Amino acid sequence: MSVRDDPEQRLRDRVRREADALAEQALRAGGQVEKQDLERLANLAQLADMVGARRSARARPWAPAIALAATLLIVSMLLFARVSETEIELEATVSEASFRIGSAQWLTDRLKLSTLGASGLAGVRWPAGLALVNDASAGAALQPLAALRIEVALPPAAASASASTAAGAVTLPSIHLGADSLVQVRRSAGAAGVALTLAAPASALNPNLLGMIVVEAAGIAPGPHRIALPTSLSLMPGPGDLDLDLQPASAVVFATPLSIRGLGLERIDVAQGGAQSLVRRLSTVVSGQVRLVSLNSEVRVLRRGESLRFDAVHGVLRGLAADGPALTLAFSGRVRGMRAGSDDNPHDLMPTWLEWLGARHGLTLFWGTSLYLFGLSMAVWRWWSGRP
């Protein structure tokens, strides 16, 4: 608005001009001015004040409205906006789990097995002259073989005192995996077995054999066979997934803690219905709980069959073991995009900013909110009472 269109400014300019004129007149007349001139000048000044007060009264409602809108916006963000990353502790019993190795490390300790099954192989390199190979002359070369199964067996004279010393033994050295390797683990059909699926492992497996051994594979002489000296095989993985069925003589020991970058608690189920196939993602959770460390370790209980998904995971798998018909795992680390429930009705488990502030900065949030509400109340009261 220009000065020409501003009534208040025009009135104040006129008051200033007439006041200057009266001052000059008073100086020339020895300090004498007409009373009516002073009254007219006072009336003009009062009129200018009235115009300014009216404008302030019109503008005054905007300040509380803006403050209220800003308050609602901030509160809405704190109530509904969620933190991008949070720290959790997960303890769960599952039928199957998958994860990515964070860095090159050992997956298992040295295992003593009663049965070792492997499929997805490129081939097997047998020691030269091994009696169980039909063609002993080809023993040192790589024999193309997609799958095999090795079991320990008792010698024929199982009741003799020396029989136990001749019983078979299968030992699998620690499995080493490179960074970003994908691992799937589940219970196998055996009473205490564990099935592993390793996505394109780079290194060969070298199980050690001794004593009475039964090997089931193409081109292998029927057993059992007695291996007098410790013998090491080389199982060369193929370009795809390598499936291992481990039936341990004792509990399978994973080399925890394991640094991992991803964690999946679901499996893909394919059901054939006529000409169509139905593909579903099913939760492998039997039971468990998620502890939200950033919310003073608040606990979220997982129900049987409840899906739990993550967009990103980075942390440590503190424990992984076979427990009855299922697996138990314990994880600690940071996650992004944590959701529970079905795809159609997911439930976001990431803390809101208000929950995070309340748990981490409760006293600061309390005093800040109190002072802000006090200031807002005072502003509304001043506006309502008409005070400047």
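This is a predicted model, so every value here is computed, not measured. The analysis underlying the following values was restricted to heavy atoms, covering all of them including side chains, and did not include hydrogens, waters or symmetry mates.
Between Leu329 and Leu265, some side-chain heavy-atom pair lies under the 4.5 Å cut-off. Taking the side chain as every heavy atom from C-beta outward, Ile268 and Arg281 approach each other to under 4.5 Å. Side-chain contact between Ser294 and Glu87 is absent, with no heavy-atom pair separated by less than 4.5 Å.
With hydrogens and angles ignored, the 3.5 Å screen pairs a side-chain donor or acceptor of Arg187 with a backbone N or O of Gly193. With hydrogens and angles disregarded, no donor-acceptor distance shorter than 3.5 Å links the side chain of Thr93 to the backbone of Ser287. Of the possible donor and acceptor atoms, none in the side chain of Asp348 sits under 3.5 Å from a partner among the backbone N and O of Arg339. Judged by distance alone, the side chain of Arg336 and the main-chain N or O of Glu85 form no donor-acceptor pair under 3.5 Å. The backbone N or O of Gly102 lies less than 3.5 Å from a partner atom in the side chain of Arg261, making a donor-acceptor pair. Panel note: side chain Ser307, backbone Ala340; no donor-acceptor pair is recorded below 3.5 Å.
Looking only at atom types and distance, the side chain of Asn296 has no donor-acceptor partner in the side chain of Glu298 under 3.5 Å away. Counting only N and O atoms by type, the side chains of Arg267 and Thr284 include no donor and acceptor under 3.5 Å apart. When only modelled atom types and interatomic distance are considered, Asn206 and Ser234 share a side-chain donor-acceptor pair under 3.5 Å.
A continuous path of Ile, Leu, Val, Met, Phe, Trp and Tyr side chains, each step under 4.5 Å between heavy atoms, connects Val170 with Leu111, placing both in one hydrophobic cluster. In the hydrophobic clustering of this structure, Val335 does not group with Val316; members are Ile, Leu, Val, Met, Phe, Trp, Tyr whose side-chain heavy atoms approach within less than 4.5 Å, directly or through other members.
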